[in-house]
Amino acid sequence: MELQPRHSWFQRPQHSIKNLCRITHEVRFVENLRGLYSARFSKTGKVIAAGFGSGSIQIWNGETGELEETLRSGLASSMPIMCCRFNPIHNEIFYASSACGMIFACNTHTKEISRFVIEPKNEVNTIDVNITGDYLVSGGKDAAVRLYNTQTAKLILVYKNKEVLTESKIANFHRMRIFAAKFHKEYPDLIITGGWDDTVRIWDIRVPTGSIRIIKGPHICGDAIDMHETCILTGSWIVRDSLQVWDLTSAKLIDTINPYNRLSTLNGEFLYAVQYFNGNSHGDLVLAGGSGTGVVEVISLKEKKVMGNFGANRPIFTIDSYQTTIIFGGMESVLKLGDYNSFNSNC
């Protein structure tokens, strides 16, 4: 009797899912790479940048997932490559951040890799480049948000409370590890970050004093923030109510998305990665994966419905999409490429 209230949310009516997703390629890699932490399409979709738990950085073919080059092999003592991001202007350049505090600059044409910056005693969990290609933002273990010039690697701005973090002094800064940082896709001065302190913060790099708005609630543990126009999508590493949409201008909750046809699971949701689907320009379809659901889902925000899913045997850390192609991976030693057949959808 005691278990009934605790698991009552699992007792939803079951609905069948007409699965519009199909796997097109499965690319196995060796187990000593220790999992896929980040995989990202280039702007043209021709290249995938990949970062592994072993510290390795590789370039893969964007259509087949086949290995084209290993830029960094990694060592037994190397820390994971946590995040990869392409420069939207210089498409041959991507950056890769490491839990050792290093950010690398990589060139897909020359196959060269170099040190961009190092953040001593930090673990750089997340990076992003703004739409003009001028700035790179980083976030990690020390709860600081740093802004760099991509041409000179010069540190421009640091958002971090340098005083003792008391409740009265943390209003404008993160106080725990940061796991997601995203520039707005239209406004080059806006950054959204989130992490362990159950806040998502909105920053304007023209305002050096701290975050300009705070969203309270989302527990971000991976690449689980994205934006579409004035909407912010968050995925929390929590049992339920993990997928939410927020208003950028007011920082207020718009909706919590609990698809009515999602299959019940005692494992909960626990999202590590969410993203607006690139193959849907209206901002209705999103991708979500983590360690609870056992799938990567394509979800309609408007219908609150799972439109399709891809099976996952182990936790998913990374998701990306280019047009209708979706890539994802995590602790299973495989990169999966799939397709969402939106032509058969009512969206």
Side-chain angles (χ1 to χ4, degrees), residues 21-75 78-99 102-114 116 124-129 222-223 272-273 275 277-279 287 289 296 298 310-340:
C21 297
R22 65 184 182 92
I23 295 293
T24 57
H25 297 87
E26 290 191 7
V27 183
R28 301 281 170 178
F29 52 85
V30 293
E31 290 190 6
N32 62 12
L33 288 176
R34 303 204 298 269
L36 180 65
Y37 279 61
S38 183
R40 204 74 176 178
F41 277 114
S42 65
K43 187 176 181 179
T44 62
K46 294 181 179 180
V47 175
I48 298 170
F52 297 88
S54 65
S56 294
I57 301 171
Q58 295 183 347
I59 301 171
W60 293 341
N61 183 285
E63 294 182 355
T64 66
E66 293 180 359
L67 177 64
E68 293 188 351
E69 191 75 27
T70 296
L71 301 184
R72 184 173 188 261
S73 298
L75 302 171
S78 296
M79 301 293 283
I81 297 298
M82 302 297 290
C83 189
C84 296
R85 290 291 184 270
F86 277 90
N87 187 309
I89 302 301
H90 305 286
N91 190 53
E92 75 281 6
I93 301 295
F94 74 89
Y95 304 89
S97 69
S98 171
M102 195 89 72
I103 301 175
F104 300 95
C106 308
N107 191 306
T108 60
H109 287 176
T110 65
K111 307 299 191 296
E112 295 176 335
I113 182 172
S114 61
F116 178 69
V124 186
N125 298 322
T126 180
I127 53 174
D128 199 24
V129 183
D223 190 11
Y272 278 126
Q275 184 186 93
F277 178 46
N278 184 257
L287 310 175
V296 170
V298 180
F310 303 96
N313 296 322
R314 300 187 69 182
I316 294 298
F317 292 156
T318 183
I319 298 171
D320 199 21
S321 56
Y322 173 74
Q323 297 180 356
T324 64
T325 302
I326 299 165
I327 56 174
F328 61 94
M331 289 310 296
E332 187 179 6
S333 297
V334 60
L335 167 74
K336 294 186 180 181
L337 287 79
D339 184 76
Y340 175 72

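In what follows, every heavy atom counts, from backbone to side chain, and hydrogens, waters and symmetry copies are set aside. Because the structure is predicted, anything quoted here is derived from the model rather than measured.
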Search all heavy atoms of [X] against all heavy atoms of [Y] and return the closest pair with its distance.
X: Leu335; Y: Gly65; result: CD2-CA, 4.3 Å
X: Ala96; Y: Ile81; result: CB-CG2, 3.9 Å
X: Ile319; Y: Arg40; result: O-NH1, 4.1 Å
X: Ser98; Y: Met79; result: OG-O, 3.9 Å

Near-ring test Phe29/Phe52, centroid separation under 6.0 angstrom: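 Distance test on ring centres: under 6.0 Å, yes.
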Is any side-chain heavy atom of [X] closer than 4.5 Å to a side-chain heavy atom of [Y]?
X: Asp223; Y: Thr126; result: no
X: Tyr272; Y: Thr318; result: no
X: Ser56; Y: Arg72; result: no
X: Val124; Y: Met102; result: no
X: Ser97; Y: Cys83; result: yes
X: Ser42; Y: Ile48; result: no

Gap between atom [atom2] of [Y] and atom [atom1] of [X] - 0.5 Å precision:
X: Met82; Y: Asn125; atom1: CE; atom2: CG; value: 4.5 Å
X: Ile57; Y: Ser78; atom1: CD1; atom2: OG; value: 10.0 Å
X: Ile103; Y: Tyr95; atom1: CD1; atom2: OH; value: 10.0 Å
X: Asn61; Y: Glu68; atom1: CG; atom2: CD; value: 5.0 Å
X: Asp339; Y: Gln323; atom1: CG; atom2: CD; value: 10.5 Å
X: Ser321; Y: Ile327; atom1: OG; atom2: CD1; value: 8.5 Å

Pair Phe328-Phe310, ring-ring contact (aromatic ring centres under 6.0 Å, His included): steps then yes or no: CA-CA 9 Å; Phe328 61 94; Phe310 303 96; 5.5 Å; yes
Full working for side chain to side chain contact (heavy atoms under 4.5 Å, CB included) between Trp60 and Val27: CA-CA 10 Å; Trp60 293 341; Val27 183; 5.6 Å; no
Lys/Arg-Asp/Glu bridge criterion (N-O < 4.0 Å) met for Arg85, Asp320: no
Pair listing, salt bridge (Lys or Arg N to Asp or Glu O under 4.0 Å) test, anchored in residues 44-66, at least two apart: none
Aromatic ring pairing Tyr322/Phe41, orientation class (parallel under 30°, perpendicular over 60°, tilted between):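 If you compare the ring of Tyr322 with that of Phe41, the planes turn out tilted.
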Parallel, tilted or perpendicular: ring planes of Phe277 versus Tyr340, cut at 30 and 60 degrees: perpendicular
Those residues that, when tested against Ala49, pass side chain to side chain contact (heavy atoms under 4.5 Å, CB included) (two or more places apart):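 Ala49 satisfies side chain to side chain contact (heavy atoms under 4.5 Å, CB included) with Cys84, Phe86, Phe94 only.
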Non-neighbouring partners of Lys111 that pass side chain to side chain contact (heavy atoms under 4.5 Å, CB included), sequence neighbours left out: Ile59, Glu69, Leu71
Heavy-atom donor-acceptor pair, Arg314 side chain to Glu332 backbone, under 3.5 Å: no
